[in-house]
Novice: 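Below: one structure in structure tokens.
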Amino acid sequence: LTDQSCSDAGRHAAEAAAANLIFRCGVDEFSFVHHRIREEVLRELGPDDLGDIHGRVAADLETRQPTRAFELAHHYDAAGNPVRAVEFALPAAREARRRYAFDLAEELYRIAAHAGEDLPRTQQREIAAELGEILKLRGRYEEAIDHISTARSLSESDEAVAWAEAELGELAVKQGRSDDARNHLEAAIRRHGGRVPGRPAAQLAGLCRQACLRLTHTLGGRRPGRRPQLSVLAQLYHRLLYPFWFNQSSLLSLWTDLRQLNLAARGTDQPALGRAYAVHGSVVSAIFPALSGRCLASEIGRASCRERV
């Protein structure tokens, strides 16, 4: 790494140790006595020299210990090779997220984002979207909106645009911006082929239709084949229920509730179906408080058993 022979390197290390600048921390391993000393040494190096050292460290580390993804990403990024850093930063960031190490995941995603336009458009979108998700999980909603908006602008498919609109809608709900949440979530629903009735007459007609579908399904009528995409659409209506519940009429809230339940029943995602029944119970109990909670829970339990069968 230093273009020195082993004997010269050992002699210089011994001199630095005698001056109490470094200390031995292992076999042929040394560390600075204080971080201020390290900072001063780095300050004396020019940007080109420092970048060259990072590049040598990264190349040597990749040869000897290629699994140290975090260090490799850091050194390649500091060496001015962000595209190479992405190869290590992105998988490491996803692993950190899987382990709920959100602070580490954010740092790695930011390293990956340094490559910018040097990456393919699809990979730029992935990094922006996943960084936005991490920021949302850490409660930094404004920053999350910026990155997810970037991901939306880079999206090339209806599915990707719908995902970004749904995330922006959820962030708007968290910030209490109900009108923005509704606009984003309805845009996501339209991308998946769904719709939301506008006029009260259309809402009432839609509510009657959804109620008939629910009754037919509960009584064991004909059941259409299950489709995975319906579970995605059901979750969008599930999210849309929140701004409707707090800012719209009970009629539209009840329609949205039955719509998400009917779609979840025809989907393949069983946890989503469980959430749909839980929300349905809360909505019906709030709109019709005279109903017994015990009877309602019993009915939902029987219907849930039939869904599993």
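From a predicted model like this one, the values you see are computed outputs, not experimental measurements.
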Novice: Do you know the tightest heavy-atom contact between Ala181 and Gly169?
Specialist: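 Looks like CB-O, 3.5 Å.
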Novice: If I compare all heavy atoms of Ala93 with all of Ala105, which pair ends up nearest, and what's the gap?
Specialist: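 So the two residues come closest at O-CB, 3.6 Å.
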Novice: Does atom CZ of Arg209 have more than 12 heavy-atom neighbours from other groups under 6.0 Å away?
Specialist: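 No, CZ of Arg209 has 12 or fewer neighbouring heavy atoms, counting only those of other groups under 6.0 Å.
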Novice: Any luck finding a side-chain donor-acceptor pair between His35 and Glu39 under 3.5 Å?
Specialist: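 Indeed, the side chains of His35 and Glu39 share at least one donor-acceptor pair under 3.5 Å.
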Novice: In plain terms, say whether Arg110 and Glu107 are close enough for a salt bridge, that is, a side-chain N and a carboxylate O under 4.0 Å apart.
Specialist: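 Salt bridge flag = no for Glu107 with Arg110.
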Novice: Is there side-chain contact between Pro82 and Ile111, with heavy atoms separated by less than 4.5 Å?
Specialist: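 Side-chain contact under 4.5 Å: no.
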Novice: Rounded at 0.5 Å granularity, tell me how far CG in Asn20 sits from NE2 in His34.
Specialist: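 So the gap between those two atoms works out to 13.5 Å.
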Novice: Does a side-chain heavy-atom distance below 4.5 Å link Arg195 with Pro197?
Specialist: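 Arg195 vs Pro197: side chains touch.
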Novice: Which atoms form the tightest heavy-atom contact between Val86 and Ala112, and what is the distance?
Specialist: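 Between these two residues, the closest heavy atoms are CG2-O, 3.5 Å.
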Novice: Side-chain heavy atoms nearer than 4.5 Å, only ILVMFWY residues, links allowed to pass through others: does that put Val232 and Ile148 together?
Specialist: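 No, no single cluster joins them.
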Novice: Step by step, work out the side-chain contact (heavy atoms from CB on, under 4.5 Å) result for Val173 and Ser178.
Specialist: CA-CA 6 Å; Val173 169; Ser178 299; over 6 Å; no
Novice: Measure across Ala234 and Ala264 and return the closest heavy-atom pair with its distance rounded to 0.1 Å.
Specialist: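 Here Ala234 and Ala264 meet closest at CB-N, 3.6 Å.
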Novice: Looking at CD of Gln235 and CG of Leu240, how far apart are the two atoms once the value is rounded to the nearest 0.5 Å?
Specialist: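 Between atom CD of Gln235 and atom CG of Leu240 there are 13.5 Å.
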Novice: If you group Ile, Leu, Val, Met, Phe, Trp and Tyr by side-chain heavy-atom gaps below 4.5 Å, do Val279 and Leu207 land in one group?
Specialist: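 Yes, because Val279 and Leu207 connect within a single hydrophobic cluster, where side-chain heavy atoms sit under 4.5 Å apart.
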Novice: Measure the shortest side-chain to side-chain distance between Leu185 and Tyr237 over non-hydrogen atoms and say whether it is less than 4.5 angstrom.
Specialist: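 No, too far: nothing below the 4.5 Å cut-off.
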Novice: Do Ile189 and Leu168 sit in one hydrophobic cluster, given that two such residues count as connected whenever their side-chain heavy atoms are within less than 4.5 Å of each other, even indirectly?
Specialist: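 No; tracing contacts between hydrophobic side chains, which count when under 4.5 Å, never links both residues.
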Novice: Report the relative orientation of the aromatic rings in Tyr76 and Phe88; use parallel for angles under 30°, tilted for 30 to 60°, perpendicular for over 60°.
Specialist: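 Because their plane-to-plane angle is under 30°, the rings of Tyr76 and Phe88 count as parallel.
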Novice: Using the rule that two of Ile, Leu, Val, Met, Phe, Trp, Tyr join whenever any of their side-chain heavy atoms come within less than 4.5 Å, decide whether Leu233 and Val196 are in one cluster.
Specialist: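 Both belong to a single hydrophobic cluster.
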Novice: Is the charged tip of Arg125 near the ring of Trp163: under 6.0 Å from the six-membered ring centre and within 45° of its axis?
Specialist: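 Because its charged atom sits under 6.0 Å from the ring centre and within 45° of the axis, Arg125 does stack over Trp163.
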Novice: Can you tell me how the ring of Phe70 sits relative to the ring of His74, calling it parallel under 30°, perpendicular over 60° and tilted otherwise?
Specialist: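 Rings of Phe70 and His74: parallel, as their planes differ by under 30°.
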Novice: Are any side-chain N or O atoms of Ser231 and backbone N or O atoms of Asp269, one a donor and one an acceptor, separated by less than 3.5 Å?
Specialist: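 Yes, because the side chain of Ser231 sits within donor-acceptor range (under 3.5 Å) of the backbone of Asp269.
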Novice: Mark yes or no for whether Asp158, through its side chain, and His192, through its backbone, hold a donor-acceptor pair below 3.5 Å.
Specialist: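 It does not hold such a pair.
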Novice: Just distance, no hydrogens or angles: give the donor-acceptor pairs under 3.5 Å from side chains in residues 126-133, sequence neighbours left out.
Specialist:
unit_1, atom_1, unit_2, atom_2, d
Glu126, OE1, Arg94, NH2, 3.3
Glu130, OE1, Arg94, NE, 2.9
Glu130, OE1, Tyr109, OH, 2.6
Glu130, OE2, Arg94, NE, 3.4
Glu130, OE2, Arg94, NH2, 2.9
Glu133, OE1, Arg97, NH1, 2.9

Novice: Let me confirm one number: the CZ-CG distance from Arg140 to Leu135, rounded to the nearest 0.5 Å.
Specialist: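 Nearest 0.5 Å value for the CZ-CG distance: 5.0 Å.
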Novice: Give the cluster check for Leu258 versus Leu251: same hydrophobic cluster or not, with ILVMFWY residues linked at side-chain heavy-atom distances below 4.5 Å.
Specialist: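 Result: yes, single cluster for both.
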Novice: Run the salt-bridge test on Glu186 and Arg191 with the 4.0 Å N-O cut-off and return the result as yes or no.
Specialist: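 Between Arg191 and Glu186 there is no salt bridge, as every charged N stays at least 4.0 Å from the carboxylate O atoms.
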Novice: Is it true that a side-chain atom of Gln123 and a backbone atom of Pro120 form a donor plus acceptor pair closer than 3.5 Å?
Specialist: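 Not confirmed, Gln123 side chain does not pair with Pro120 backbone.
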Novice: Please name the residue in the list Lys174, Arg239, Arg152 that meets the salt bridge (charged side-chain N to carboxylate O under 4.0 Å, His left out) test with Glu167.
Specialist: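 So the option named by the test is Arg239.
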Novice: Check whether Gln124 reaches the backbone of Leu119 with its side chain - one donor and one acceptor, N or O, closer than 3.5 Å.
Specialist: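 Here the side-chain-to-backbone pair exists.
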Novice: Can you confirm whether more than 12 heavy atoms, excluding those of Gln175, are under 6.0 Å from its CD atom?
Specialist: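 Above 12, so yes.
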Novice: Tell me whether Ser253 contacts the main-chain N or O of Phe244 through its side chain, where contact means a donor paired with an acceptor under 3.5 Å.
Specialist: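 Side chain of Ser253 to backbone of Phe244, a donor-acceptor pair under 3.5 Å: yes, one is there.
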Novice: Is any NZ, NE, NH1 or NH2 atom of the basic residue among Glu40 and Arg36 found under 4.0 Å from an Asp or Glu carboxylate oxygen of the other?
Specialist: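 Result for this pair is no, no salt bridge flagged.
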Novice: Hey, could you give me the CG/CZ distance between Leu137 and Phe102, rounded to the nearest 0.5 Å?
Specialist: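 Answer rounded to 0.5 Å: 4.5 Å.
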Novice: Nearest 0.5 angstrom please: Asp118 CG to Arg84 CZ, how far?
Specialist: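 If I round to the nearest 0.5 Å, the distance is 15.0 Å.
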Novice: Assess the residue pair Asp103 and Arg138 against the criterion (side-chain contact (heavy atoms from CB on, under 4.5 Å)); give the C-alpha distance rounded to whole Å, side-chain angles, the decisive distance to 0.1 Å, and a yes or no.
Specialist: CA-CA 8 Å; Asp103 53 343; Arg138 302 196 70 190; 3.8 Å; yes
Novice: Testing the basics here: between His280 and Gln260, what is the closest heavy-atom pair and its distance to 0.1 Å?
Specialist: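 That closest heavy-atom pairing would be N-NE2, 4.4 Å.
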Novice: Look only at the side chain of Asp60 and the backbone of Arg56, and say whether a donor-acceptor pair between them is shorter than 3.5 Å.
Specialist: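 Side chain of Asp60 to backbone of Arg56, a donor-acceptor pair under 3.5 Å: no, none is there.
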Novice: Compare every heavy atom of Asn262 with every heavy atom of Gln210, then report the nearest pair and how far apart it is.
Specialist: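 Taking every non-hydrogen atom into account, OE1-ND2, 2.8 Å.
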Novice: Between Lys136 and Glu170, is there a salt bridge with N-O shorter than 4.0 Å?
Specialist: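 Looking at Lys136 together with Glu170, the answer is yes, because their closest N to O distance falls below 4.0 Å.
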Novice: Using 0.5 Å steps for rounding, measure from the CZ atom of Arg121 to the CG atom of Leu154.
Specialist: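 Those atoms lie 5.0 Å apart.
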Novice: Contact between Leu21 and Val33 at the side-chain level, heavy atoms closer than 4.5 Å - yes or no?
Specialist: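 No; the side chains remain at least 4.5 Å from each other.
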